Amino acid sequence: EVQLVESGGGLVQPGGSLRLSCAASGFSFSDHYMDWVRQAPGKGLEWVGRSRNKANSYTTEYAASVKGRFTISRDDSKNSLYLQMNSLKTEDTAVYYCARDGPTGTYFDYWGQGTLVTVSS
Amino acid sequence: QSALTQPASVSGSPGQSITISCTGTSSDVGGYTRVSWYQQHPGKAPKLMIYDVTNRPSGVSNRFSGSKSGNTASLTISGLQAEDEADYYCNSYTNSRTLVFGGGTKLTVL
């Protein structure tokens, strides 16, 4: 059974940093692209970014809203995906979901339950 | 990359059919057969309903179908049921090698 479990959320002040983790199990993690998607309270889904797999050199892409502030990394030996968030703004407050990509790398076939990040003073 | 455009809300009675549109540009929806749809119930994680415009994952009811014409993709739900009441989001691959969501549509089953 595919499982994705996010952790690391919490309250942080504006300008601060936070690192989210996503522990994956039940599938060959190294074969898949992995993404982060967020949802601000009462708002819609927003794609944050992705890590491609080893076959694609672990390259990353980011949404314009987080580029230069957020960094996605992965450790295939630990079946884990990470999101390092720096220079946090109040508008980064959201539930952050980890999601697995399907074979074409263009859709999300499994999602975690999310972890809440609150940026507030 | 601007968000794809979806109607804020749609409604229908049990047994009826509804269609949710998702409009983008030639740089995303119109340029690729890579549109997906997600269902989200309150407080829950999204669930994949349709991928690559028309494909249904295993376990998703055949009452859900997808299509695309030009820069607009559509999700149709036939034989509406109470449990279909949820938020629905479209997503597309883009020519920037990124992905973009629609703003979401709240489906109400009357």
Side-chain angles (χ1 to χ4, degrees), chain A residues 1-6 9 22 24 27 32-53 56-68 70 72 94-116, chain B residues 1-9 20 22 24 27-29 31-60 66 68 73 75 86-106:
Chain A
E1 179 193 7
V2 172
Q3 287 199 326
L4 299 170
V5 180
E6 303 92 338
C22 171
F27 66 100
H32 286 264
Y33 292 11
M34 297 293 297
D35 295 68
W36 289 98
V37 176
R38 69 183 180 182
Q39 187 169 36
K43 303 297 184 181
L45 300 173
E46 180 186 15
W47 178 79
V48 172
R50 75 172 4 169
S51 168
R52 296 187 179 88
N53 56 13
N56 288 277
S57 305
Y58 299 123
T59 53
T60 53
E61 304 288 350
Y62 299 93
S65 58
V66 307
K67 199 168 187 178
F70 289 11
I72 296 173
V95 173
Y96 284 74
Y97 295 100
C98 166
R100 188 187 87 164
D101 280 77
T104 60
T106 55
Y107 59 92
F108 318 111
D109 59 358
Y110 286 93
W111 298 66
Q113 285 305 303
T115 186
L116 176 63
Chain B
Q1 190 72 42
S2 300
L4 307 176
T5 301
Q6 297 181 233
S9 63
I20 299 172
C22 170
S27 297
D28 38 63
V29 174
Y32 304 91
T33 54
R34 302 302 191 193
V35 176
S36 52
W37 290 90
Y38 302 86
Q39 176 192 66
Q40 187 181 35
H41 287 108
K44 300 295 188 181
K47 174 187 176 183
L48 176 67
M49 305 304 285
I50 295 288
Y51 67 95
D52 293 348
V53 179
T54 61
N55 296 300
R56 226 176 12 254
S58 174
V60 172
K68 191 187 83 161
L75 173 71
D87 293 325
Y88 290 85
Y89 296 90
C90 62
N91 181 278
S92 176
Y93 185 72
T94 81
N95 65 357
S96 301
R97 305 180 75 197
T98 61
L99 294 127
V100 62
F101 280 99
T105 298
K106 180 177 181 59

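Just so we're on the same page: letters track the sequence lines, and every chain starts at 1. As the structure is a computational prediction, the values presented were derived from the model and not from experiment.
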Could you have a look at B/V100, B/L99, B/T98, B/L48 and say which one has the most heavy-atom pairs with chain A under 4.5 angstrom? B/L99

Report the residues that fulfil ring pair (Phe, Tyr, Trp, His ring centres under 6.0 Å) with B/Y89, sequence neighbours left out, ordered by chain and then residue number. none

Closest heavy-atom pair, A/G112 versus B/A45, reported as atoms and distance to 0.1 Å, is O-CB, 3.2 Å

Which region of A/V95, side chain (C-beta onward) or backbone (N, CA, C, O), has a non-hydrogen atom less than 4.5 Å from a non-hydrogen atom of chain B, or is it both or neither? neither

Report, as yes or no, whether the 6.0 Å neighbourhood of atom OH on A/Y110 holds more than 12 heavy atoms from other residues, nucleotides or ligands. no

For a 4.5 angstrom cut-off between non-hydrogen side-chain atoms, does A/D109 reach B/P57? no

Is any side-chain heavy atom of A/V37 closer than 4.5 Å to one of B/F101? yes

My understanding is that only residues two or more places apart in sequence, or in another chain, count here; which of them pass ring pair (Phe, Tyr, Trp, His ring centres under 6.0 Å) with B/Y88? none

Answer with side chain, backbone, both or neither: which region of B/S92 has an atom nearer than 4.5 Å to a non-hydrogen atom of chain A? neither

Interchain contact, A/F108 with chain B, by part (heavy-atom threshold 4.5 Å): both

At a 4.5 Å cut-off on heavy atoms, which part of A/Y62 comes close to chain B: side chain, backbone, both, or neither? backbone

If you count heavy-atom pairs under 4.5 Å with chain A, which of B/S36, B/G104, B/P46 comes out on top? B/P46

What distance do A/T106 atom OG1 and B/Y32 atom OH have between them, rounded to the nearest 0.5 Å? 11.0 Å

Portion of A/E61 that has a non-hydrogen atom of chain B nearer than 4.5 angstrom: side chain

Nearest 0.5 Å, please: how far is CD in B/Q40 from OH in A/Y97? 5.0 Å

Could you check whether any side-chain heavy atom of B/D52 comes within less than 4.5 Å of a side-chain heavy atom of A/Y107, counting everything from C-beta outward? yes

